[in-house]
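Below, chain A is the first sequence line, B the second, and so on; all start at residue 1. Note: hydrogens, waters and symmetry copies are ignored here, and every other heavy atom, side chains too, is used. Because the structure is predicted, anything quoted here is derived from the model rather than measured.
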Number of protein chains: 2
Amino acid sequence: MAKRSYHHGDLRRALLDATAEAIGEAGPAALSLRDLARRAGVSHAAPMHHFGDKAGLLTAFAAEGFDKLSAELSAGSGEFLEAGVAYVRFALAHRAHFEVMFSPGLYRAEDADLAAARQRARRALYEGLAAMRARPDPARPDPARPDPARPDPARPDPGRTVGGSAGEWDETRAAGLAAWSVAHGFATLWLSGALPGTSAAPEDAARLVFARLRDGVG
Amino acid sequence: MAKRSYHHGDLRRALLDATAEAIGEAGPAALSLRDLARRAGVSHAAPMHHFGDKAGLLTAFAAEGFDKLSAELSAGSGEFLEAGVAYVRFALAHRAHFEVMFSPGLYRAEDADLAAARQRARRALYEGLAAMRARPDPARPDPARPDPARPDPARPDPGRTVGGSAGEWDETRAAGLAAWSVAHGFATLWLSGALPGTSAAPEDAARLVFARLRDGVG
DNA sequence: CACTGTATCTAGTCGTTGACAAGTTAGACG
DNA sequence: CGTCTAACTTGTCAACGACTAGATACAGTG
């Protein structure tokens with residue numbers, strides 16, 4: 001606590017917080033361990049004791065991000081559209097974490113703690129996405145099916161395997177991946193400033209985009 | 001051409017090529033101007049003459065990427081699903097360009113040449129995506145509409161404005177953004193290695209994912 | 001309280017990098 | 001042939017990541 005003492009108290013925590021702050025100001029590329037040390041008021045080599053090297057710091061930072069994401073997804077309603085919005089909200093609110101999490105070149109992707117955190121986040125994510133098939137939005141009328149006897153070839157039954165590898169590319173999985181792709185793509189494009197002239201609130205825009213995925217654009 | 005002469009011949013081109021190579025090996029974060037100079041066989045300060053600084057090099061590199069993307073999108077069939085696949089194919093085939101293009105912190109986003117190239121790419125992209133409404137895939141049976149008199153409230157007519165700002169968030173735009181988000185998100189997730197155990201070919205997987213968007217997942 | 005072990009942090013150093021300044025060379029043009 | 005200019009080199013500096021060795025504070029143990 002007391003910054004003047006030889007021991008910082010919780011330097012590890014302070015460095016992770018400083019990391020988020022520094023990345024938020026100038027992006028991950030401009031991140032400097034020595035700058036973090038200055039922010040925390042310690043010597044330039046202090047960070048290395050806790051994280052080994054820069055990649056170690058970012059590995060811990062990414063793991064923290066995956067845990068934050070898990071928490072925010074689990075706190076949601078579990079409804080499909082809201083799960084996607086929560087994903088986008090996380091990316092915007094924790095931009096620094098989000099950017100590092102999906103830049104594996106910056107950290108050690110094979111780290112055990114990180115892999116576990118990522119696994120937890122993926123589980124939480126797919127729980128929210130699985131809801132899109134099991135329980136459709138009750139406010140939305142059931143889409144008319146053409147004919148049960150002659151099913152639409154473009155919409156096979158869930159569970160039907162499409163790809164070559166057995167069981168890998170069933171329709172549920174493809175739908176989940178599509179949902180994740182929309183959420184991730186929208187968040188990434190928004191963060192990168194690639195969307196021109198979008199003055200609307202990102203969450204509202206995201207909701208419209210997710211509705212397109214739910215109902216189809218064809 | 002002759003590497004032994006004082007003048008390189010086309011150092012600018014050689015440096016851009018070396019940039020793609022270096023980023024392909026170790027990622028954008030590890031890129032070093034001095035390493036590029038070594039690859040091109042010139043002195044360590046030679047690159048700065050052509051690009052000013054590191055951001056200048058990456059600005060030119062990103063602009064080159066947007067032009068490549070425009071070319072590949074324009075060469076496609078113009079059909080919705082194939083446009084998305086082309087986008088993914090570009091991201092995987094020109095990974096270095098793609099990563100830099102959507103990391104605005106690495107270059108000068110306000111550069112005039114770059115902005116023009118990005119604009120061209122966006123135009124080419126939206127041309128491919130606009131096809132999804134104008135001419136649906138002829139191989140796909142028309143989806144049954146519930147009742148023309150009582151239209152599905154979740155699928156308003158194209159052109160209807162949803163957001164607050166007038167004309168900004170009509171349905172066509174939302175659908176285009178959804179398509180771009182899917183393509184971009186899928187490519188990004190694939191490149192970041194976030195998709196576990198996907199041994200299938202990325203283009204085939206992308207096709208399945210785009211089909212989910214076209215038909216809806218609800 | 002004194003002793004000791006250990007985690008935490010400091011201080012110093014090395015090779016590398018991005019950026020800048022000043023000088024040198026090659027090629028074009030009159 | 002002379003001059004001008006773009007292209008490139010050499011030299012330098014501060015900052016960075018990484019490493020080493022040493023100093024300091026804290027927790028037990030007796």
Side-chain angles (χ1 to χ4, degrees), chain A residues 1-19 21-23 25-62 96 100 103-108 111 113, chain B residues 1-19 21-23 25-62 96 100 103-108 111 113:
Chain A
M1 294 298 172
K3 260 191 177 177
R4 54 191 61 208
S5 81
Y6 193 96
H7 281 54
H8 180 281
D10 197 354
L11 181 56
R12 183 186 162 90
R13 181 93 295 272
L15 288 172
L16 287 174
D17 292 344
T19 299
E21 189 178 300
I23 293 181
E25 292 171 9
L31 185 69
S32 144
L33 287 182
R34 292 170 108 104
D35 178 54
L36 298 182
R38 280 189 292 269
R39 287 173 192 254
V42 295
S43 81
H44 67 265
M48 312 199 56
H49 174 74
H50 289 277
F51 301 104
D53 58 1
K54 197 176 184 176
L57 167 74
L58 291 176
T59 301
F61 189 71
V100 173
S103 301
L106 298 178
Y107 58 87
R108 270 182 281 276
D111 178 86
D113 290 345
Chain B
M1 293 298 171
K3 260 193 179 178
R4 55 191 61 208
S5 81
Y6 192 95
H7 282 51
H8 182 281
D10 197 354
L11 181 55
R12 183 186 163 90
R13 182 93 295 274
L15 289 172
L16 288 173
D17 292 344
T19 298
E21 189 177 301
I23 293 181
E25 293 171 7
L31 185 69
S32 146
L33 287 182
R34 294 171 106 102
D35 177 54
L36 298 182
R38 281 189 291 269
R39 288 174 192 255
V42 294
S43 82
H44 67 263
M48 312 198 58
H49 175 75
H50 290 277
F51 300 104
D53 58 0
K54 196 176 185 177
L57 167 74
L58 291 176
T59 301
F61 189 71
V100 173
S103 301
L106 297 178
Y107 57 87
R108 271 184 281 274
D111 179 85
D113 290 345

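- The nearest whole Å value for the distance from the CG atom in A:L33 to the P atom in D:dC16 is 10 Å.
- What separates CG of A:D10 from P of C:dA7 is a distance of 17 Å, to the nearest Å.
- Using a 4.0 Å heavy-atom distance criterion, A:L36 is classed as making no nucleic acid contact.
- Phosphate contact (OP1/OP2 of D:dT10, side-chain N/O of B:S43, threshold under 4.0 Å): absent.
- Between A:H44 atom NE2 and C:dT13 atom C1' the separation is 9 Å, expressed in whole Å.
- Taking every side-chain heavy atom of A:H8 into account, C:dC9 is the closest of C:dA11, D:dT10, C:dC9.
- Atom pair B:F51:CZ and C:dC20:P shows a separation of 16 Å (rounding to whole Å applied).
- A sub-4.0 Å separation between OP1 or OP2 of C:dT8 and a side-chain N or O of A:H49 is present.
- The structure places CZ of B:R108 at 12.0 Å from CG of B:D113, a figure rounded to the nearest 0.5 Å.
- Rounded to an integer number of Å, the gap from CG of A:L11 to C1' of D:dA25 is 15 Å.
- One finds a side-chain N or O of A:H50 lying less than 4.0 angstrom from the OP1 or OP2 phosphate oxygen of C:dC9.
- The two residues B:D53 and B:M48 come nearest to each other via the heavy atoms CA-CE, 4.3 Å.
- Put simply, the side chain of B:S32 gets close to the backbone of B:D35: a donor and an acceptor are under 3.5 Å apart.
- Counting to the nearest Å, the C1' atom of C:dT17 and the CZ atom of B:R34 are 6 Å from each other.
- A sub-4.0 Å separation between OP1 or OP2 of C:dG18 and a side-chain N or O of B:S32 is present.
- In plain terms, the two heavy atoms of B:L58 and B:Y107 that are nearest each other are C-CB, 3.7 Å.
- B:L31 comes within 4.0 angstrom of the backbone, heavy atoms only, and of no base.
- Rounded to whole angstrom, the span from the CG atom of A:L15 across to the C1' atom of D:dG17 amounts to 15 Å.
- Residue-level contact check: A:R38 touches the backbone only, with heavy atoms under 4.0 Å from sugar-phosphate atoms and none from bases.
- Residue A:K54 has its side chain nearest to D:dG17 when only D:dG17, C:dC9, C:dC20 are considered.
- Across all non-hydrogen atoms, the minimal contact from A:P47 to A:L33 is CG-O, 3.9 Å.
- Rounding to whole angstrom units, CG of residue B:D35 and C1' of C:dA19 are separated by 17 Å.
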